[in-house]
Amino acid sequence: MALVVYNTLTGKKEEFIPLKDKEVKMYVCGVTLYDQLHLGHARAAVIFDFIRRYLEYRGYRVKYITNFTDVDDKMIDRAKALGISIFELANKFIEEYTEQMKILGVRRADEYPRATECMNEIIDLIKRLEEKGFAYRRNGDIFFRIKKFPQYGALSHQNLEELYAGARLEIDERKIDAVDFALWKKEREGEPSWDSPWGKGRPGWHIECSAMAMKLLGDQIDIHGGGRDLIFPHHENEIAQSEAATSKRFARYWIHNGLLTMRTQKMAKSTGNVFNLSQALERFGGETVRYYLLSAHYRSPLDYREETLREAASSLERIQNFLQRAQEIQEEEREAALSRNEEERVQALAQRAGRMEHDFVLAMDDDFSTPLVFSSVFEAVKMANLLMRKGAPLNKDARDTLLRVRKEIEKIGEVLSLFGDEKKDLGKDASQFIDLLVDLRDKLREKKEWKLADEIRKKLSALGIELEDTRTRTVWRLKEQSSSARGR
RNA sequence: GGCGGUGUAGCCAAGUGGUAAGGCAGAGGACUGCAAAUCCUUUAUCCCCGGUUCGAAUCCGGGUGCCGCCUCCA
């Protein structure tokens, strides 16, 4: 079986073959640190995180780099407004970023290069371009000469004429051609700058990524990722710069995630059309947000609606409920003879369990089809729930089969960074207290002290702990955060 | 205007020639002291029009809606 990925460069799904057997060099465009993250950023981060995890699951060693753009016009403006340096501003948002990624279950990248820490590499790269005749100076600014790079436009599938036809090209006297872009920007009064052979100034946005990727991963990388909105001009320019400098193919696979929209408009800071990530995480929790973002195929556009996020919480809960039930049923010791019907169900379920990992790989190998993965999980959950219905006693064979399903789902969950055991996060002490309360309440129930028992249940519920009285005993679980948000 | 993507139930979303998965929500029922969970039942002229085919959501042609990019943006 082969992993197939959609490559923006060719516009086709292609078999994934890295440069070096079993090794993947992956670079994903990170964020510019001038404002809080929104759900759209989270989408990109989660998507490339699970792609990375899946590649590792498939046996590749992945070197994963994502950058921080820590110098840029908007940052300068913002820092000025706040009366702090852009470095302080950057650090503040990096801290937020790190915390939020953790909540989202996004694993840390191998490195997080920052533009300001790669100035030497950036300057060297521009120098090389200048030596090769791809760059020209204009009064302290340096521009890339697009006409010198005939392949320009390959990624966005546009040629120069088509780009010229684009109505919104600015007219910039300094450029030879309107499509040329800045590699280095001359220092401006009161703004941060760095020394260079061309005088003081700072790098253009596009060159940063090329330099950082090449510094940490070499001239050629396997996967370059980012949002669709970066295809042009950012990634197009990256290709031009990198390939002009090295004469080598820069990235083999260009993977772009679909954008998150809101009220069918792209979610973007520049338009103020955003739903903040911090808000989303607070209201729904990291796992729900992650599940929500993964429930759509990574390439399709996703229109944010609060309702959908709430639905995601319910869906996730279904899986988690099953996982917990399957866990608890292991402790059951009674043996019961199964009916013919139940025997058949156990058999069917065992078959299903045996197929799950294969189905998972099949779905993911086809350009990372997470929606398909979930449907297979739900089907297994349904079959398993049917078997556990009413909490009637089962035999060991049935319990083992349920355990197997649970293990399979957890295995998938590991790759997707989902279905974690929340009780673990609660800590042992808290769990013990809750167990104690539940025990006491059971005693009350035996005495038919319904009023008091209900009160305990109600109060625990207010604290986010849901009780469930099954036929044999009472179990508890943490409520999805959205449940508490539901009433709002 | 150019380029790219996308259009399947109230919502999310599979399906790439064989007669529409799955989830959420809604309705009804079973179970339960109640609740929750769970189970059962129920919800689609697959954007439109032509064509190919015994047969099309799926292939071909033509429309059309929406989104993104063409300016900083995941």
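Computed from a prediction, not measured in an experiment: that's the story for all the values here.
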Asks: Tell which nucleotide pairs with B:C54, taking only Watson-Crick or G-U wobble pairs whose two distances are both under 3.5 angstrom.
Replies: B:G18
Asks: Does A:Gly30 reach a base, just sugar-phosphate, or nothing at all? Heavy atoms under 4.0 Å.
Replies: sugar-phosphate
Asks: Any N or O donor-acceptor pair under 3.5 Å from the base of B:C34 to the side chain of A:Asp469?
Replies: yes
Asks: Give a yes-or-no answer on whether the side chains of A:Glu379 and A:Ser375 include a donor-acceptor pair shorter than 3.5 Å.
Replies: no
Asks: Looking only at side-chain atoms of A:Arg389, point me to the closest of B:C39, B:A37, B:A74.
Replies: B:C39
Asks: At less than 3.5 Å, do the side-chain atoms of A:Glu379 and the base atoms of B:G22 form a donor-acceptor pair?
Replies: no
Asks: Side chains of A:Arg43 and A:Asn257: do they bring a donor and an acceptor to under 3.5 Å?
Replies: no
Asks: What contact category does A:Gly40 fall into here, base, sugar-phosphate, or nothing, at under 4.0 angstrom with non-hydrogen atoms?
Replies: base
Asks: Checking all strands, does A:Ile231 fall into the base, sugar-phosphate, or nothing category for heavy-atom contacts under 4.0 angstrom?
Replies: nothing
Asks: When both hydrogen-bonding distances must be under 3.5 Å and the geometry is Watson-Crick or G-U wobble, what is B:G65 paired with, if anything?
Replies: B:U6
Asks: Assign A:Tyr6 to base, sugar-phosphate, or nothing according to its heavy-atom contacts below 4.0 angstrom with the strands shown.
Replies: sugar-phosphate
Asks: For the side chain of A:Asp454 and the base of B:G33, is some donor closer than 3.5 Å to an acceptor across the two?
Replies: yes
Asks: Looking at the base of B:A74, is there any donor atom on it, or on the side chain of A:Arg43, that sits under 3.5 Å from an acceptor on the other one?
Replies: no
Asks: Please confirm whether the ring centroid of A:Tyr97 lies under 6.0 Å from the ring centroid of A:Phe68.
Replies: yes
Asks: Below 4.0 angstrom, N of the basic side chain to O of the carboxylate: do A:Arg457 and A:Asp469 qualify?
Replies: yes
Asks: Give the rounded distance in Å between these two atoms: CD1 of A:Ile409 and C1' of B:G23.
Replies: 14 Å
Asks: Nearest to the A:Leu386 side chain among B:C40, B:C11, B:A13, which nucleotide is it?
Replies: B:C40
Asks: Nearest to the side chain of A:Arg441 - B:A36, B:G23, B:G33?
Replies: B:G33
Asks: Stacking here means centres under 5.5 Å and planes under 30°; does A:Phe374 stack on B:G22?
Replies: no
Asks: Please state the P separation for the pair B:G68 and B:A74 - nearest whole angstrom.
Replies: 15 Å
Asks: Check the distance between B:U6's P and A:Arg228's CZ and give it to me in whole angstrom.
Replies: 8 Å
Asks: Under 3.5 Å for both donor-acceptor distances, Watson-Crick or wobble: does B:U42 have a partner, and if so which one?
Replies: B:G26
Asks: Look at A:His157 and B:C3 and indicate whether a side-chain polar atom (N or O) is within less than 4.0 Å of OP1 or OP2.
Replies: no
Asks: Reckon A:Asn257 has a side-chain N or O less than 4.0 Å from the OP1 or OP2 of B:A74?
Replies: no
Asks: With nearest nucleotides of RNA chain B determined for A:Leu302 and A:His206 from heavy-atom distances, which residue corresponds to the more 5′ nucleotide?
Replies: A:Leu302
Asks: Once you apply a heavy-atom cut-off of 4.0 Å, does A:Arg445 come out as touching a base, just sugar-phosphate, or nothing?
Replies: base
Asks: Taking 4.0 angstrom as the limit, do A:Asp49 and A:Arg108 come out as a salt bridge?
Replies: no
Asks: For B:G1, which nucleotide in any strand shown is its Watson-Crick or wobble partner with both distances under 3.5 Å?
Replies: B:C70
Asks: Please report the distance separating the C1' of B:C31 from the corresponding atom of B:G7, rounded so that it comes out in whole Å.
Replies: 42 Å
Asks: Using a heavy-atom cut-off of 4.0 Å across all strands, would you classify A:Ile47 as base, sugar-phosphate, or nothing?
Replies: nothing
Asks: Less than 3.5 Å between a donor and an acceptor, one on the side chain of A:Arg318 and one on the base of B:C24, is that the case here?
Replies: no
Asks: Select one nucleotide: of B:C40, B:C24, B:A36, the one nearest the side-chain heavy atoms of A:Ser315.
Replies: B:C24
Asks: Select one nucleotide: of B:A74, B:C72, B:U38, the one nearest the side-chain heavy atoms of A:His38.
Replies: B:A74
Asks: Quiz question: going by heavy-atom distance under 3.5 Å, is there a donor-acceptor pair between the base of B:G5 and the side chain of A:Arg299?
Replies: no
Asks: Does B:C40 have its OP1 or OP2 closer than 4.0 Å to a side-chain nitrogen or oxygen of A:Lys382?
Replies: yes
Asks: Is the distance between the ring centroids of A:Tyr27 and A:His224 under 6.0 Å?
Replies: yes
Asks: Looking at the side chain of A:Gln158, which of B:G2, B:U38, B:G68 is the nearest nucleotide?
Replies: B:G2
Asks: What about the rings of A:Tyr64 and A:Phe48, do their centers lie closer together than 6.0 Å?
Replies: no
Asks: Between A:His206 and A:Phe181 (judged by ring centroids, cut-off 6.0 Å), do the two rings come close enough to count as a pair?
Replies: yes
Asks: Taking the minimum atom-to-atom distance to the side chain of A:Leu260, which one of B:A74, B:A14, B:A36 wins?
Replies: B:A74
Asks: Mapping A:Asn321 and A:Ser376 to their closest nucleotides on RNA chain B, which lands nearer the 5' end?
Replies: A:Ser376
Asks: Nearest whole angstrom, please: distance from the P of B:G23 to the CG of A:Leu309.
Replies: 20 Å
Asks: Look through every strand shown and name the nucleotide pairing with B:A37 as Watson-Crick or G-U wobble, where both distances are under 3.5 Å.
Replies: none
Asks: Closest to the A:Phe378 side chain: B:A21, B:G23, B:G33?
Replies: B:G23
Asks: Just compare B:A74, B:G15, B:C72 and give me whichever is closest to any side-chain atom of A:Leu230.
Replies: B:A74
Asks: Just call it for A:Ala363: base, sugar-phosphate, or nothing, with non-hydrogen atoms closer than 4.0 Å on any strand.
Replies: nothing
Asks: From the list B:G10, B:A74, B:U38, which nucleotide is the closest neighbour of the side chain of A:Arg325?
Replies: B:U38
